[in-house]
Every structure is written in C-alpha cells, then in structure tokens.
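Before any comments, here is the structure.
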Amino acid sequence: MGRPLSLPDLSRPVLEVAPRLLGAHLAAGGCTVRLTEVEAYAGQDDPGSHAFRGRTPRTQVMFGPAGHAYVYFTYGMHWCMNVVTGVDGEASAVLLRAGEVVEGLDVAQARRPGVRERDLCRGPARLCRTLGISGVHDGVDLLAAGSPVRLLPGAAVDPAGVRTGPRVGVAGDGAVAPWRFWSDGEPTVSPYRAAVRRVRRST
DNA sequence: GCCAGGATGTTCT
DNA sequence: GAACATCCTGGCA
C-alpha cells in the first residue's frame with residue numbers, strides 16, 4: 001500500500017496489467033467493487049481463451065483496443081466481463097473473477113437479496129450480476145466518463161500480497177505462465193474449482 | 001460443512 | 001451436436 005492510486009496502462013502486456021488491476025475499482029449499476037481476483041487471457045497464446053481459434057463475431061471486442069469491456073454470455077444464464085488489454089489486434093484480456101463491494105452496498109444487496117456480503121461478487125458471473133452488467137455493456141469504453149461501466153483507480157495493493165497461480169486445465173509445454181492473480185487473504189476470493197466435464201442430460 | 005449434479009442459451013465444429 | 005473462463009440447489013456427513 002502507499003503507492004499512488006492510478007490505473008495501469010491497459011495497452012501493456014496482459015500479464016503485466018492483470019496483477020495491477022487488483023485493488024482497482026469497477027463502478028456500474030450504482031455500485032463500486034474493489035477487484036480482488038482476476039485472470040489473464042492471452043489470446044493467441046492461451047488455448048483457454050475464446051480468441052485462441054481466431055477472431056469471431058463474439059470475440060471481436062477482444063481484438064480491439066485496450067480499455068474496453070468484453071462481456072460474454074455463458075452456460076445459458078451467466079454473464080462474465082473482461083477488460084481488454086494489450087495493443088489493438090492482440091486479443092488479450094483480463095477476466096474479472098471476484099471483488100468486494102466498497103460502495104453502494106445497499107444497492108447491491110437489494111439487487112441480490114439473501115446473498116451474504118462476501119458472496120456478492122465472489123465469482124465472475126456473480127460480480128456481473130451484482131453490478132447489473134450484461135451483454136448490452138459489451139464493447140463499452142471503461143475509461144470514458146459517461147460509460148455505464150467504468151474502471152477507476154482504487155486502493156493500491158501491496159505486491160507482496162499478490163498471489164499467482166497457473167491455470168489448471170491448460171496444458172503447457174514446459175513452464176506455464178501464472179495466469180491467475182488474487183489478493184492474499186481476501187474472503188471474496190473463492191477457492192479454485194477444477195474444471196469438471198459436465199454431463200449433459202440425454203435428450 | 002462439503003460434494004455432486006442440473007440448469008440454460010450462445011457459439012463453434 | 002457438443003462444449004462452455006459458472007452458479008445454485010439439494011442431499012448427506
């Protein structure tokens with residue numbers, strides 16, 4: 001702590017930007033969230049990225065300039081939000097996995113009745129739901145003053161408290177880059193759940 | 001408390 | 001047709 005409160009240059013490489021987004025604030029839907037867990041997706045270099053197989057209508061925002069929101073719909077009912085990083089055309093982004101509500105808690109709890117405060121933004125889909133983020137926010141400029149979703153400077157995080165981990169499920173030939181970043185000791189960071197192949201109900 | 005399984009629609013092969 | 005960067009509910013310890 002104690003470092004000046006400022007946002008990282010989002011046009012830098014995603015693995016550099018991701019840890020520096022911890023502690024930043026995300027304001028939307030009358031609430032402000034302090035980011036506590038993020039995950040980097042490096043586009044062409046990450047088999048787990050939506051953009052790995054190339055540009056599609058769905059992922060075209062990831063290929064655009066940094067500072068925009070890439071919001072996608074998954075599992076039939078959940079929205080997840082990324083912050084596009086890197087230079088134009090690189091398709092890298094940072095998935096916002098978890099956060100803590102620091103402003104507008106009453107609004108958040110009204111939107112999510114019965115949910116404990118620490119669970120409001122514990123998980124990428126819950127974070128979006130609590131903030132009211134959906135597909136209409138796909139591609140918005142997070143740095144524009146008039147945007148419905150804004151990324152703002154927050155509380156600087158002690159680099160020593162930033163923990164990293166390789167993503168399980170992504171096969172790496174040799175060393176695997178630490179894709180996930182989270183603030184140590186944050187109750188809003190959920191334990192990692194190994195990817196399980198879902199068995200679909202037979203038709 | 002933890003674990004297993006179902007839900008639900010868009011995207012891509 | 002199958003996968004999917006997930007969440008919620010119910011059952012059991």
A:Arg20 side chain to A:Ser6 backbone, donor-acceptor under 3.5 Å:
no

Could you tell me whether the phosphate oxygens of C:dC8, OP1 or OP2, come under 4.0 Å of any side-chain nitrogen or oxygen in A:Arg112?
yes

The side chain of A:Pro57 is closest to which nucleotide in this list: C:dC7, C:dA5, B:dC12?
B:dC12

Under a plain distance cut-off of 3.5 Å, with no hydrogens placed, do A:Thr36 and A:Ser183 share a side-chain donor-acceptor pair?
no

Counting just side-chain N and O atoms, does A:Thr74 come under 4.0 Å of either OP1 or OP2 of C:dT6?
no

Whole-Å gap separating P (C:dC7) and CE (A:Met81):
16 Å

Do the side chain of A:Thr56 and the main chain of A:Thr59 share a donor and acceptor less than 3.5 angstrom apart?
yes

Distance, rounded to the nearest Å, where A:Arg116 contributes CZ and C:dC8 contributes C1':
14 Å

OP1 or OP2 of C:dT6 sitting under 4.0 Å from any side-chain N/O of A:Arg122?
no

Can you tell me how far C1' of C:dT6 sits from NE2 of A:His50, to the nearest Å?
11 Å

From the list C:dC4, B:dC12, C:dC7, which nucleotide is the closest neighbour of the side chain of A:Pro124?
C:dC7

For C:dA5, is there a stacking contact with A:Tyr41, counting only centres under 5.5 Å and planes under 30°?
yes

Would you kindly give the OH-to-P distance between A:Tyr75 and C:dT9, to the nearest whole Å?
18 Å

Under the criteria of a ring-centre distance below 5.5 Å and an interplanar angle below 30°, is A:Phe73 stacked with the base of B:dT10?
no

Please check the phosphate of C:dT6 (OP1 and OP2 only) for any side-chain N or O of A:Arg129 closer than 4.0 Å.
no

Do the side chain of A:Tyr72 and the base of C:dA5 come within less than 3.5 angstrom through a donor-acceptor pair of N or O atoms?
yes

Measure the distance from CE on A:Met77 to P on B:dG5 and round it to the nearest whole Å.
17 Å

Taking B:dC12, C:dC7, C:dA5 as options, the one with an atom nearest any side-chain atom of A:Ser49 is C:dA5

